[in-house]
Amino acid sequence: MNRLDAMQLFVRVADLGSFAAVASQLGLARSVVTRQIAALEEHLGVKLMVRTTRKLTLTSAGASYLDKCRSILDLVEAAEADVMEARLTPRGNLRISLPLSYGLKRIAPLLPEFQTSYPEISLALDFTDRHIDLIDEGIDLSIRIAPGHAPGDVVRKLGTSRLITVASPAYLARHGRPTHPSELAAHACLGYSAKASNRPLAFMIDGHMENMHLAFRLQANNGDALMQAAAQGLGITMQPDFIVDDYLANGAVEAILEGFAPPPLGIHAMLASNRYLPHRVRVLIDFLATRLAP
């Protein structure tokens, strides 16, 4: 057995946690799998696994070797795929999760061009603002907008979006124009709903981010609904530029508290893992990164 085959077998045993399960999967005798792992341990001069009649546990050396094996095998898989894909047309099905407003306003208009360029890729679009598990829900790629991402998330940044605080001219004429975020407590505010309590508005004050917990006059889980309410004079809201821009352009709302704007949100392509990406996923990410770049 060559070195790569031995690595692949070791990873499979570690993943399944059983020599018998691997033997059954590969159509081999259990003794063959046991012997090959033993030969790998002899070659390395370390114990990789502790085996009992009830379970199999990796040693510290085995856990470290497993991580390196995964990285090496991923590189081999990617290298082979790159060579093969260079002569292949991207094809297959792609299921994408998109935030509702951003997906409709900024992503959906780009997709006809993408499908003209890659006619053998079929797209299925899932518009939702809820957090999803890509693996559980069979999603190939998720576009998400957030201040950052959690440790362990596999992402590629596609762009940014500014948050803008706005109100209609009629509202400002009736209630006055706030000049500091602390004044918002005396105003009617419109914000996103949250499971437990009102989601705060964040402002940059004296070089530090501060959260303002406000009693929202209207809550919704969609920014377009809040923006329409603000345009009709119901109150003040903070929304991303892709929702606000058209309303600002036609004078339906005015920007306020501009000197206290929080840092831009990141627009990210989120992936299920950092292992090899299918060619169809990579071409879509590259396409979106080019079209959405500032």
Side-chain angles (χ1 to χ4, degrees), residues 97-106 127-132 142-151 153 155 157 159-268 270:
S97 177
L98 302 167
L100 181 57
S101 295
Y102 185 79
L104 290 172
K105 293 175 185 292
R106 297 291 171 88
F127 292 93
T128 179
D129 291 326
R130 67 182 175 84
H131 178 76
I132 62 167
S142 174
I143 305 297
R144 285 293 168 258
I145 303 172
H149 51 85
D153 284 347
V155 302
K157 191 171 183 179
T160 60
S161 175
R162 295 179 300 115
L163 288 169
I164 306 170
T165 306
V166 298
S168 72
Y171 176 88
L172 296 174
R174 288 196 309 269
H175 302 284
R177 180 184 295 267
T179 60
H180 191 277
S182 61
E183 299 173 22
L184 291 176
H187 283 268
C189 294
L190 320 173
Y192 286 96
S193 53
K195 291 181 179 179
S197 62
N198 289 349
R199 187 181 301 179
L201 301 183
F203 293 92
M204 186 67 71
I205 301 174
D206 296 328
H208 300 283
M209 287 290 293
E210 292 192 19
N211 290 328
M212 308 291 295
H213 290 269
L214 302 166
F216 294 135
R217 178 183 183 185
L218 172 68
Q219 296 185 60
N221 63 355
N222 178 260
D224 277 304
L226 295 170
M227 195 65 229
Q228 290 173 18
Q232 293 174 30
L234 268 67
I236 295 171
T237 190
M238 178 189 285
Q239 297 298 326
D241 51 13
F242 57 85
I243 291 178
V244 172
D245 283 347
D246 288 343
Y247 291 86
L248 287 173
N250 65 24
V253 297
E254 298 177 11
I256 61 174
L257 301 175
E258 294 173 275
F260 301 94
L265 301 173
I267 300 170
H268 298 100
M270 301 191 67

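Side chain of His180 to backbone of Ser182: a donor-acceptor contact under 3.5 angstrom is found. The backbone N or O of Ala261 sits nowhere less than 3.5 Å from a side-chain atom of Arg162 that would complete a donor-acceptor pair. Judged by distance alone, with hydrogens and angles left aside, the side-chain atoms of Asp129 form a donor-acceptor pair with the main-chain N or O of Leu100 at under 3.5 Å.
For the salt bridge (charged side-chain N to carboxylate O under 4.0 Å, His left out) with Lys105, the qualifying choice from Asp241, Asp246, Asp224 is Asp224, the only one to do so. For the side-chain contact (heavy atoms from CB on, under 4.5 Å) test with Cys189, the passing option among Leu184, Thr237, Leu234, Leu218 is Leu184; the others fail.
Looking at Gln239 and Leu226, their side chains come closer than 4.5 Å, going by heavy atoms from C-beta outward. Using a 4.5 Å heavy-atom threshold, the side chains of Met227 and Val166 count as touching. At a threshold of 4.5 Å between non-hydrogen side-chain atoms, the residues Leu201 and Phe216 count as touching. Counting heavy atoms from C-beta outward, Ile145 and Pro240 have side chains that stay 4.5 Å or more apart. The side-chain heavy atoms of Pro263 and Met209, taken from C-beta on, include a pair separated by under 4.5 Å.
Minimum interatomic distance between Phe127 and Pro99 (heavy atoms only, all atoms of both residues): CD2-O, 4.2 Å. What you find for Leu190 and Ala230 is that their closest heavy atoms are CD1-N, 3.6 Å.
Applying the ring pair (Phe, Tyr, Trp, His ring centres under 6.0 Å) test to Phe203 and every residue at least two apart in sequence or in another chain returns nothing.
Ring planes of His187 and Tyr171: tilted class, angle from 30 to 60°.
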